K.L.:
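Below are the structure tokens for one structure; questions will follow.
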There are 2 protein chains.
Amino acid sequence: MDPHLLRTFVAVAGTGSFSAAAQELGYTQSAVSQQIAALESDLGATLLHRRPVAPTDAGARLLEHAGPILLRLSAARADVARLAGEPAATVVLGATPCAGGARAAAVLASVQRAMPRVRFTLLVAGRAAVATGVATGTLDVGLVDGVTAPSDPLPLPDAGQLVSSALAESAAVAAFPVGHPLAGRRCIELADLADATWIDAPEVATPLPQLRALAHSGGFRDGFAYPGTDTGGLLELVAAGAGLALLPGPVTHPGVVGVPVTVPRLVHRTELVHGSLTPPARALADAFRS
Amino acid sequence: MDPHLLRTFVAVAGTGSFSAAAQELGYTQSAVSQQIAALESDLGATLLHRRPVAPTDAGARLLEHAGPILLRLSAARADVARLAGEPAATVVLGATPCAGGARAAAVLASVQRAMPRVRFTLLVAGRAAVATGVATGTLDVGLVDGVTAPSDPLPLPDAGQLVSSALAESAAVAAFPVGHPLAGRRCIELADLADATWIDAPEVATPLPQLRALAHSGGFRDGFAYPGTDTGGLLELVAAGAGLALLPGPVTHPGVVGVPVTVPRLVHRTELVHGSLTPPARALADAFRS
DNA sequence: TGATTTTACGATGGCCGTAATCATT
DNA sequence: AATGATTACGGCCATCGTAAAATCA
């Protein structure tokens, strides 16, 4: 199972086309066809239905493994490179929208002042992008926020020895439109909200699948998807009655009421996450922790 | 980073010799040398010191990744094979020594009676062996026991979607030789034992590194190592004053006193663990859970 | 019929083994 | 010296690209 074959397999499964995958990877259609054939013969199973091309059961199962394997592979490469290469003259901090606030900017600026020779950069991206970026070495340090139970860490993709430490916690708040029957409550149980319609805003609120996991429930019907990274825009949708959302911290938006979730007690936590650190990156991480 | 190269790298690092690794893998010394050279040139870092051959810092880091990657790779292969291959006529149950007790045998026998066409087998092995066996498909179902906090699952090597569910829990008990100053206590805090000498018996008691993690302490000095799988033998050592041990359940052995650990509250739990299940393996798993 | 995957085939490159060389104890 | 890693070299196999054939919509 050559990683190359794995990579073209996920490309083919992702694009749903041999030719598109070939173009994406800089191969010939023929080469892709041969690679898939080789992989299938190696594993002794057909991985893809052709015309239309879609993963078989076995292929779908392989896909679940392929992503993490490829991720870990590049994490290993980046990890070794960081340890063996010359000391990097640049440090990139990745942050999710909510985590990369004023404090992040201030810390970054102060460390930059202390080490003028090193170039510090801030890069805002989604949760998954920050986590994989840190794992693969694209980012030196990550700031990730999300909602969990107080004793549990934030769920991160497995890419080896990622260190994460909590920086701050605040209450997790469910956002209702005014006039919603539950909007008057002082506090609320998550289970009561399983039947409501929710907005799936994975970048700025809590991803729905995670919400279902936290509540041990299959509910939480999703209405709109909100791929944006702007809290205000999401709250507009909530005010308009498009659905509920589980957000960090207090909600102050016309037409929206925030109620803290008490059972299970949920917190919005921002965590600092990193792999092995170059010296300047270590300085940045230490600055955040102090 | 071809998995082949990774595999020979861990073999070389493990044996501490190019020639030994070559023999182990069925290669020539020359081939191994070339593979290591290729890997080092690919990663742009020297991974091994030569003469004596020992991993460099970068090599050690790579080793931390290589194991899980290789494990996951074979897990993927096994997973696909199980899903695509013909229905297996044999089911292998792996169990750690403490977990594979009378109940395991009884359940196995009853399922065997119900499905005479399928061959059910019990295989007793260490924790790690059972877990990796389940992950790589060598074992269909695993029974693993160990000590943790009540709310935490047992730590398992990451090999994808392993399902684990608790079967039974009992108190975790620290074993003292009679006459030990703490042996008279009704209950005990783990932190009080950090300065004591412990026997490292990873197969039958709690591995010391895990103990340190549970107590958030660097203590727990290790005296003897006890690689065996026999509780009686370990308790002989305890009685002789060789050190303490953290064990499942009540201790009844001459010269040894057991005291339950209360802070943090620790339990000895046996978990049922499996990946995807063939139908007969599913029957076995269901029998255990009911 | 047309788009798309598969097969055929020749060329290139990679990898292993044999054997000679080099280095360290 | 002797053990053990590296380098040199030749042969084999794998994989890619070009191009023709086959297959499904």
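Any value given below was found using the heavy atoms of this structure, including those in side chains, with hydrogens, waters and symmetry copies removed. All values reported here derive from a predicted model rather than from experimental measurement. Note on naming: letters A, B, ... go to the chains in the order of the sequence lines (proteins, then strands), and numbering restarts at 1 for each one.
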K.L.:
Going by an N to O cut-off under 4.0 Å, is there a salt bridge joining A:R72 and B:E64?
P.N.:
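No, no charged N to carboxylate O under 4.0 Å.
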K.L.:
Could you please spell out the steps behind the side chain to side chain contact (heavy atoms under 4.5 Å, CB included) verdict for A:L6 and A:L70?
P.N.:
CA-CA 8 Å; A:L6 238 41; A:L70 261 15; 4.3 Å; yes
K.L.:
Which nucleotides of nucleotides 12-25 of chain D have their base under 4.0 Å from a protein heavy atom (B), which only their sugar-phosphate (S), and which neither (-), written as one string 5' to 3'?
P.N.:
----BBBB---BBS
K.L.:
Taking atom CD of A:E24 as the centre, report whether more than 12 heavy atoms of other residues, nucleotides or ligands fall under 6.0 Å from it.
P.N.:
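Atom CD in A:E24 is crowded, with more than 12 foreign heavy atoms closer than 6.0 Å.
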K.L.:
Please determine whether the number of non-hydrogen atoms from other residues, nucleotides or ligands lying under 6.0 Å from atom CG of B:D57 exceeds 12.
P.N.:
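No, not enclosed.
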K.L.:
Please report the interatomic distance NE2(A:H274) to CG(A:L139), rounded to the nearest 0.5 Å.
P.N.:
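A:H274 atom NE2 to A:L139 atom CG measures 13.5 Å (nearest 0.5 Å).
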K.L.:
State, with a plain yes or no, whether a side-chain heavy atom of A:F18 is found less than 4.5 Å away from one of A:L48.
P.N.:
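Side-chain contact under 4.5 Å: yes.
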K.L.:
Measure the spacing between CG of A:D140 and OG of A:S276 and express it to the nearest 0.5 Å.
P.N.:
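Taking CG in A:D140 and OG in A:S276, the distance rounds to 9.0 Å.
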K.L.:
When you list every nucleotide of DNA chain C with an atom under 4.0 Å from a heavy atom of chain A, which one comes first 5' to 3', and which comes last?
P.N.:
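So the outermost contacting nucleotides come out as C:dA3 to C:dA8.
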